[in-house]
Amino acid sequence: MGRLNNGLFGGFQGRVGNLVGYMLNGKSVIRTIGHSGKPLTLPRKANCQKMSVINDFLRNHLNFIRTGFRLITAGTDQNFYNAAVSYNKKHALQGEYPNISMDYPKALLSMGSLLKADKPEISLQGTAVEFKWEVPADLAWRNKNDRAMLVIHFPDADISTTVMSGSRRHEGRELVLIDPNLVESRMEAYISFINEDATEISESVHAGSLNLQQTTIKEKQEEPKSVIQHKPKKAPVKADKKPTQQAQTYQWTSSQFNASGKTYNYSYSVPPY
């Protein structure tokens, strides 16, 4: 049931039939809902997979992108999530349907005009990931105290570790503890900077990847091996051999008639079939 906000001519909230009303950035929005009975075309299937891949990635970084895209969407009809989806769907995907996946180095988790991280890199230090970035000798004073915002994404585990207020820019490094169980998992890292009063933020930069070879080995192990099936060889059919007929020897004597009679032997062979 829908609810009128400002009388008959105002917007409404809730559902009326196949219409849904809600507020977006202070404005009343109405949209239709429903399900299409038409079969999906190839372009629609590709678009569905793109949205699924992007949503699976971004849902792990909601707090980060809320801050990262808040400033550029202020005063517009967009919200932070729509802006993040719009950019990454266009720039951070690779492959063709049905093999669309994230292109992690091109993904963006924040967007703004503040000075970006300069030549960031990461390394594994025990159960922590160390971020480093260059600090220019001529770094402006107003940028020295910008805070680092950091993300370590674990694609295989589908989780992330996030630092919203890390070291100051002039320090040039930050150490982020991670779950010991994920030390050997693939990692994709990102870094942004935000100023002290949160009125400016930088565009995020892909800081590097770790354990890519582990994923490659795993994928190779999971590749199905081709099996060549050979037709079983038929055993040669041997012709039935007819039993060999042995000659039968019979003996008879005439002694029953004449004790001095001779004994006679004769042989009789059964003829072949």
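Atoms considered below: every heavy atom in the structure, side chains included; atoms not considered: hydrogens, waters and symmetry mates. Just so we're clear, the structure is a prediction, and the values are computed from it rather than from any experiment.
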* Partner of Asn60 under side chain to side chain donor-acceptor pair (under 3.5 Å), chosen from Thr161, Asp158, Thr162 -> Asp158
* Starting at CD1 of Ile152, measure out to CG of Asp179 and round the result to the nearest 0.5 Å. => 11.5 Å
* Indicate if Leu115 and Met111 have the same hydrophobic cluster label, given that clusters are the connected sets of ILVMFWY residues with side-chain heavy-atom separations under 4.5 angstrom. => no
* Looking only at non-hydrogen atoms, find the nearest pair between Ile100 and Ala46 and report the distance. => CD1-O, 3.7 Å
* **Short side-chain to backbone donor-acceptor contact, Gln94 and Met102, under 3.5 Å** => yes
* Asked: Do side-chain atoms of Asn88 reach the backbone of Ala92 as a donor and acceptor pair under 3.5 angstrom?
  -> no
* **Worked verdict on Glu200 versus Ile194 for side-chain contact (heavy atoms from CB on, under 4.5 Å)** => CA-CA 6 Å; Glu200 289 184 279; Ile194 188 168; over 6 Å; no
* To do: Kindly compute the distance separating CG (Leu124) from CG (Asn211), expressed to the nearest 0.5 Å.
  => 6.5 Å
* If only atom types and distance count, is the side chain of Thr73 paired as donor or acceptor with the main-chain N or O of Phe69 below 3.5 Å? -> yes
* Is it true that a side-chain atom of Ser202 and a backbone atom of Phe193 form a donor plus acceptor pair closer than 3.5 Å? -> yes
* Does Ile178 belong to the same Ile/Leu/Val/Met/Phe/Trp/Tyr cluster as Phe131, with side-chain heavy atoms less than 4.5 Å apart forming each link? -> yes
* Asked: Under 3.5 Å, side chain of Ser167 to main-chain N/O of Arg173, donor-acceptor pair present?
  -> yes
* Can you check whether Asp146's main-chain N or O pairs, donor with acceptor, with Arg169's side chain at less than 3.5 Å? -> no
* To do: Treating Ile, Leu, Val, Met, Phe, Trp and Tyr as nodes and any side-chain heavy-atom pair under 4.5 angstrom as an edge, say whether Leu150 and Ile122 lie in one connected cluster.
  => yes
* Any sub-3.5 Å donor-acceptor pair from Ser110's side-chain atoms to Ser204's backbone N or O? -> yes
* Asked: Looking at Ser101 and Val53, what are the two nearest heavy atoms and their distance?
  -> C-CG1, 4.0 Å
* Side-chain donor-acceptor contact under 3.5 Å, Arg66 with Asn63 -> yes
* Please list, chain by chain and in numerical order, all residues satisfying salt bridge (Lys or Arg N to Asp or Glu O under 4.0 Å) with Glu121, sequence neighbours excluded. => none
* Asked: Between Asn55 (side chain) and Met51 (backbone), is there a donor-acceptor pair under 3.5 Å?
  -> yes
* Asked: Which pairs count as ring-ring contact (aromatic ring centres under 6.0 Å, His included) when at least one residue sits in residues 71-97, sequence neighbours excluded?
  -> Tyr87-His91
* **Aromatic plane relationship, Tyr104 with His153 - under 30° parallel, 30 to 60° tilted, over 60° perpendicular** => tilted
* Structure fact -> Shortest non-hydrogen pair, Met149 vs Met164, comes out as CG-O, 3.2 Å
* How long is the gap from OG1 on Thr199 to CG on Leu71, to the nearest 0.5 Å? -> 7.5 Å
* Asked: Short question: side chain of Asn99, backbone of Gly95 - any donor-acceptor pair under 3.5 Å?
  -> no
* To do: Tell me whether Ile65 is reachable from Leu114 by hopping between hydrophobic residues (I, L, V, M, F, W, Y) whose side-chain heavy atoms are closer than 4.5 Å.
  => no
* **Sidechain N-carboxylate O distance under 4.0 Å for Glu188, Arg186** => yes
* Keeping the roles fixed (side chain from Gln49, backbone from Pro98), state whether a donor-acceptor pair exists under 3.5 Å. => yes
* Should we say atom NZ of Lys106 is surrounded by more than 12 heavy atoms from elsewhere, each under 6.0 Å from it? -> no
* For residues Trp133 and Val135, determine if any side-chain heavy atom of one lies less than 4.5 Å from a side-chain heavy atom of the other. => yes
* Asked: Which distance, rounded to the nearest 0.5 Å, do you find between the CD1 of Ile159 and the NE2 of His61?
  -> 10.5 Å
* Structure fact -> d(Asp56 CG, Ile54 CD1) to nearest 0.5 Å is 9.5 Å
* Asked: Would a hydrophobic clustering, with Ile, Leu, Val, Met, Phe, Trp and Tyr connected at side-chain separations under 4.5 Å, put Leu175 with Leu177?
  -> no
* Take Tyr190 and Leu109 through the side-chain contact (heavy atoms from CB on, under 4.5 Å) test and state the conclusion after the steps. => CA-CA 8 Å; Tyr190 302 86; Leu109 297 178; 3.9 Å; yes
* To do: Using a strict 4.0 Å threshold on nitrogen-to-oxygen distance, state whether Arg168 and Glu174 make a salt bridge.
  => no
* Measuring from His206:NE2 to Leu108:CG, what's the distance to the nearest 0.5 Å? -> 12.0 Å
* Asked: So do Ile201 and Asn195 actually touch side chain to side chain, heavy atoms under 4.5 Å?
  -> no
